[in-house]
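For reference, the structure discussed in these notes is given below.
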Number of protein chains: 2
Amino acid sequence: MNKAEILIIDDEPQIRKLLRISLESNDYKVNQASSGKEGLIIAANHPPELILLDIGLPDKSGHEILKELREWYNKPIIILSVQDNENDIIGALDNGATDYITKPFRTGELMARIRSAIRRTQNIDLNETIIICNDLQIDLVSRVVKKDDEILKLTSTEYNLLTLFARNEGKVLTHQYILKEIWGVGYQTETQYLRVFVAQLRKKIEENPNNPLHIITESGVGYRFS
Amino acid sequence: MNKAEILIIDDEPQIRKLLRISLESNDYKVNQASSGKEGLIIAANHPPELILLDIGLPDKSGHEILKELREWYNKPIIILSVQDNENDIIGALDNGATDYITKPFRTGELMARIRSAIRRTQNIDLNETIIICNDLQIDLVSRVVKKDDEILKLTSTEYNLLTLFARNEGKVLTHQYILKEIWGVGYQTETQYLRVFVAQLRKKIEENPNNPLHIITESGVGYRFS
DNA sequence: CATAGTTTTTATTGTTTGTTCACGAAACAT
DNA sequence: ATGTTTCGTGAACAAACAATAAAAACTATG
């Protein structure tokens, strides 16, 4: 139910369709953009867990899109390309691409590279893919959260927020940073969203939501998870 | 200037030589192992910044070596292979390989993939800036202050003031300077603010606020932190 | 196209923090 | 010593910030 989202930026409809089918059958939620510009807008308003970027786009070169994304987006970007040109590959990797795959690609390999990339940004240690904090248990691979061995029903925003907190245990995260990571770059003033979702999360994960032990408010700054 | 260490695990001397020359000309320091067993020992005794692992080794399969390494080693491991077998690639990536490159590879691309892999791990553990003064512990990255391992609850002005003091340990800071740094230009005559907040801070961080040991008053001038 | 689930707005109440003032204590100068 | 300046501290108030419920808008899905 809590699927990780992937954004495809590619102008060829057949490729998009092929990718979407493969990704959805691997339990990802897929968003699509048919041009670089559209891709930038979707990514900014709804940051995905990973971006698949075609390098040969009609409006802007994929290299430019990559650079613009990397100004604020720090999750994996995998480049797809028909070109097997070494300088192209080197340039993309040096501009922050996570991986570079040449078409035609093998779907199984692509899926494995996607898993690998996501695993690394979430710094999931192959051995311990489960974060445990007292009564809470967060499985980052199957995306399931348990409290006292009871499965919690979380919406995807709630889940994303909780894992952002859990992956930064002990650190104070500012409102702005959280909003940027969960809602996108244009939402950094919408602190009210955050209050609403923190309240919802606390109702689900805290023994006593009036006296929260997991999500601590740092007034005027942000929140801290412990 | 670079000098990150890279460990090559490969049984073919020609490949090792080729890799070593390329890597050294890119300013890496190179260690080599000609078998999986030897590779494990060298990696354990002298953990490198990145490992290049040939999958076709004589003693143990590279896949086994990869698994054993991943039990404790969490920096990048790039797989080199003559095999362009999809299941091999998927297996390696799912077992924690950072990347999988098939021979014959292009040196420029390999170097770019190495840079990319190292860049990503360095961003992750760039953390940890902790100032320690006796019983006080100020973590500037997490924005958390501890006294005798107890987390102190500080407002943001209190925190800013404390970090300003801590960053200038031993120096006398004038009222004017502190006011300018914390409240901004225009507040440089509001010494009363400072008195109030210094008193509040001392209540929280000093054993005995009447006889302060951390924030020392320099009458007529300002304060000094030690 | 209806409905359940989710996100965004709006409104209200409660809490925390910053600012100001008052007054006694300490430091300083003569 | 005595008066003068500088400090420390508690309390009161206003402003900023936070929690929460509930309604409205939106989305996904059959």
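Protein chains get the first letters and strands the later ones, always in sequence-line order, with residue 1 at the start of each. Everything numeric here is computed off the predicted structure, so don't read it as measured data. Just the heavy atoms: all of them, side chains too, but no hydrogens, waters or symmetry mates, feed the values below.
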Original post:
At what distance, to the nearest 0.5 angstrom, does CZ of A:Phe165 lie from CG of A:Leu136?
Top reply: 12.5 Å
Original post:
Above 12 or not: heavy atoms from other molecules or residues under 6.0 Å from CZ of B:Phe105?
Top reply: yes
**OP:** Classify the nucleic acid contact of B:His175 as base, sugar-phosphate or nothing, counting any heavy atom under 4.0 Å across all strands shown.
**Re:** sugar-phosphate
Original post:
Between B:Glu109 (side chain) and A:Ile89 (backbone), is there a donor-acceptor pair under 3.5 Å?
Top reply: no
**OP:** Look at the side chain of A:Glu218 and the base of C:dT16, then say whether one donor and one acceptor between them are separated by less than 3.5 Å.
**Re:** no
**OP:** State which of D:dC7, C:dT19, D:dT20 makes the closest approach to the side chain of B:Thr217.
**Re:** D:dC7
**OP:** Would you mind reading off the distance between A:Asn2 atom CG and D:dA28 atom P, rounded to a whole angstrom?
**Re:** 15 Å
**OP:** Output yes when at least one side-chain N/O atom of B:Arg202 is less than 4.0 Å from OP1 or OP2 of D:dG8, else no.
**Re:** yes
**OP:** Look only at the side chain of B:Ser226 and the backbone of B:Leu213, and say whether a donor-acceptor pair between them is shorter than 3.5 Å.
**Re:** yes
Subject >> Contact under 4.0 Å: A:Lys29 side-chain N or O vs D:dT29 OP1/OP2 >> reply: no
**OP:** Find the distance B:Lys204:NZ to D:dT9:P and express it as a whole number of Å.
**Re:** 14 Å
Original post:
Which nucleotide, C:dT17, C:dG5, C:dT7, lies nearest any side-chain atom of A:Lys153?
Top reply: C:dG5
Original post:
Does B:Thr191 make a side-chain N or O approach to OP1 or OP2 of D:dC7 shorter than 4.0 Å?
Top reply: no
Subject >> Atom-to-atom span, CH2 of A:Trp183 to C1' of D:dC26 - whole angstrom >> reply: 16 Å
Original post:
Given atom CG of B:Asn211 and atom P of C:dA25, what is their separation to the nearest angstrom?
Top reply: 18 Å
Subject >> Between P of D:dC17 and CG of A:Leu194, the distance in whole Å >> reply: 14 Å
Original post:
For the side chain of A:Val196, counting heavy atoms from C-beta on, which of D:dG8, D:dA21, D:dG10 is nearest?
Top reply: D:dA21
Original post:
Looking across every strand, which nucleic acid part, if any, lies under 4.0 Å from B:Val198 by heavy atom: base, sugar-phosphate, or nothing?
Top reply: nothing
Subject >> Any A:Arg195 side-chain N or O less than 4.0 Å from OP1/OP2 of D:dA18 >> reply: yes
**OP:** Return the value, rounded to whole Å, for the distance between atom CD1 of B:Ile215 and atom C1' of D:dG8.
**Re:** 13 Å
**OP:** Please state how far atom CG in B:Leu201 lies from atom C1' in D:dG10, giving the value in whole angstrom units.
**Re:** 17 Å
Original post:
Got a donor-acceptor pair under 3.5 Å from the side chain of B:Gln192 to the base of D:dT9?
Top reply: yes
**OP:** Could you work out which one of C:dT9, D:dA19, C:dG18 sits closest to the side chain of A:Tyr193?
**Re:** C:dT9
**OP:** Scan B:Ile51, B:Ile55, B:Asn95 and name whichever one has a side chain to side chain contact (heavy atoms under 4.5 Å, CB included) with B:Leu66.
**Re:** B:Asn95
**OP:** Give one of base, sugar-phosphate or nothing for B:Tyr223, where a contact means two heavy atoms less than 4.0 Å apart.
**Re:** sugar-phosphate
Subject >> D:dT9 phosphate, OP1 or OP2, under 4.0 Å from B:Asn210 side-chain N/O >> reply: yes
Original post:
Starting at the 5' end of DNA chain C, which residue's closest nucleotide do you reach first, B:Phe197 or A:Glu158?
Top reply: A:Glu158
Original post:
Is the count of non-hydrogen atoms from other residues, nucleotides or ligands lying under 6.0 Å from B:Lys103 atom NZ greater than 12?
Top reply: yes
Original post:
Which listed nucleotide (D:dT6, C:dT7, D:dG8) is nearest to the side chain of A:Ser156?
Top reply: C:dT7
Original post:
To the nearest angstrom, how far is B:Gln176 atom CD from D:dT6 atom P?
Top reply: 13 Å
